[in-house]
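When a residue number appears, it is its place in the shown sequence, counting from 1.
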Amino acid sequence: MLLRYRRLSCLLILLYTLTPAQELLAQTWPANADWIPMINANWNSLQDANDQSKDGLDIIPDQYGHDSYFYSNQSNLFIRIMLQGSPLKRGKLDRGTWFAALDVNLDGFPDWAIRADGTDEYLRTLYNGGLDNEPEIEYTALRNPIAAGAVRTVAAGYSGFASGTYLDIRV
């Protein structure tokens, strides 16, 4: 009997390791209450550097005054960005790029970038190989991130911005 359970356990482990990345991404998204606001070194909410840009969807604060959030569990990092409208067009990311830069070692340069690109429909993680502001070494690339379940939108309108939309990204 014990041998049968060991075989079953080995089979489950083998199936898990052979599971495509897209299927592993099918894990649940954080609940709204689980998201943690992103803040800067002075404990202030992050702000859109190109505030009120006419070139694309503006990043805006939500009803709580934050424009970006994160969440992490044992297997995924989640990024949430509040946009003035939906970044989707015909079920795909509209032209434009949304990203988060992560300075893991606190040297003032981003070590990683997570980029959802509507121009070529990829979700990429990039590593910075130098001391500059441009993570350029592609670490992962996922085609059609909406269909793969790695990117989604959530309606988040409120009285200040009725068309507000959260763009959620999972890596």
Side-chain angles (χ1 to χ4, degrees), residues 20-22 24-27 29-30 32 35-41 44-62 64-72 75-157 160-171:
Q22 288 86 351
L24 292 176
L25 286 172
Q27 298 173 18
W29 289 87
N32 283 337
W35 292 95
I36 302 164
M38 287 191 195
I39 55 175
N40 64 19
N44 296 315
S45 180
L46 294 181
Q47 298 296 315
D48 180 7
N50 296 320
D51 194 34
Q52 305 303 318
S53 171
K54 303 292 186 234
D55 297 332
L57 284 177
D58 199 29
I59 297 174
I60 60 170
D62 62 10
Y64 307 106
H66 305 290
D67 60 15
S68 53
Y69 295 83
F70 76 97
Y71 178 80
S72 179
S75 56
N76 294 101
L77 173 65
F78 301 85
I79 304 293
R80 172 171 269 191
I81 303 168
M82 178 67 168
L83 300 173
Q84 191 170 2
S86 176
L88 299 182
K89 192 172 208 173
R90 294 185 205 102
K92 295 183 177 184
L93 285 173
D94 197 3
R95 66 186 196 291
T97 302
W98 297 271
F99 70 94
L102 309 173
D103 182 3
V104 180
N105 61 10
L106 302 177
D107 65 357
F109 299 102
D111 300 300
W112 292 91
I114 300 165
R115 187 172 73 199
D117 195 337
T119 306
D120 62 4
E121 284 295 312
Y122 269 92
L123 175 63
R124 291 182 171 86
T125 55
L126 303 158
Y127 178 73
N128 191 348
L131 292 176
D132 58 30
N133 287 321
E134 298 293 328
E136 69 283 338
I137 302 168
E138 189 171 281
Y139 187 73
T140 63
L142 177 65
R143 180 98 174 115
N144 298 320
I146 297 278
V151 174
R152 72 172 186 170
T153 59
V154 177
F161 290 99
S163 63
T165 303
Y166 287 125
L167 175 65
D168 293 348
I169 301 170
R170 172 186 17 222
V171 291

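No more than 12 heavy atoms of other residues, nucleotides or ligands shown are found within 6.0 angstrom of CD on Glu134.
Asp62 and Tyr69 are linked by a side-chain donor-acceptor pair at a separation below 3.5 angstrom, with hydrogens and angles left out of the test. With hydrogens and angles left out, the side-chain atoms of Thr165 and Thr153 include no donor and acceptor closer than 3.5 Å.
The ring pair (Phe, Tyr, Trp, His ring centres under 6.0 Å) analysis of residues 88-107, with sequence neighbours excluded, yields no pairs.
Distance check: Asp67 CG to Ile59 CD1 gives 6.5 Å after rounding to the nearest 0.5 Å. Separation of atoms CD1 (Ile36) and CZ (Arg80) is listed at 12.5 Å; rounding is to 0.5 Å. Of the inter-residue distances, the one linking Leu123 atom CG with Arg115 atom CZ reads 10.0 Å to the nearest 0.5 angstrom. Between atom CG of residue Leu126 and atom OG1 of residue Thr140 there is a gap of 8.0 Å, rounded to the nearest 0.5 Å. Rounding to the nearest 0.5 angstrom, the gap separating the CG atom in Asn133 from the CZ atom in Phe109 is 6.0 Å. Note: Thr119 OG1 to Asp94 CG = 9.0 Å, rounded to the nearest 0.5 Å.
With sequence neighbours left out, the side chain to side chain contact (heavy atoms under 4.5 Å, CB included) criterion links Leu106 to no other residue.
Residues Leu83 and Leu167 come closest through the heavy atom pair CD1-CB, 4.0 Å. Residues Gly108 and Asp103 approach most closely at N-OD2, 2.9 Å, considering heavy atoms. Across all non-hydrogen atoms, the minimal contact from Met82 to Gly164 is CE-CA, 3.7 Å. For the residue pair Ala101 and Pro110, the shortest heavy atom distance occurs at CB-CB, 3.7 Å. Closest approach of Leu142 to Ala150, counting heavy atoms only: CD2-CB, 3.6 Å.
Counting only heavy atoms from C-beta outward, the side chains of Val104 and Trp112 approach each other to under 4.5 Å. For the pair Asp107/Leu131, a side-chain contact is recorded, criterion being any heavy-atom separation below 4.5 Å from C-beta on. Side-chain contact between Glu121 and Arg143: present, with at least one pair of heavy atoms (C-beta onward) separated by less than 4.5 Å.
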Verdict with reasoning, Leu93 to Leu88, per side-chain contact (heavy atoms from CB on, under 4.5 Å):
CA-CA 5 Å; Leu93 285 173; Leu88 299 182; 4.1 Å; yes
Test side-chain contact (heavy atoms from CB on, under 4.5 Å) on Trp35 and Tyr166; report intermediate values, then the result.
CA-CA 12 Å; Trp35 292 95; Tyr166 287 125; over 6 Å; no
Stepwise side-chain contact (heavy atoms from CB on, under 4.5 Å) test for Asn76 and Val171:
CA-CA 6 Å; Asn76 294 101; Val171 291; over 6 Å; no
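With hydrogens and angles ignored, the 3.5 Å screen pairs a side-chain donor or acceptor of Asn128 with a backbone N or O of Asp132. Under the 3.5 Å distance criterion, the side-chain polar atoms of Asp117 are left unmatched by any main-chain donor or acceptor of Thr97.
Considering Leu77, Thr125, Asp111 as possible partners of Leu102, the one that fulfils the side-chain contact (heavy atoms from CB on, under 4.5 Å) test is Leu77.
The six-membered or imidazole ring of Tyr71 lies away from that of Trp29, with a centre-to-centre distance of 6.0 Å or more.
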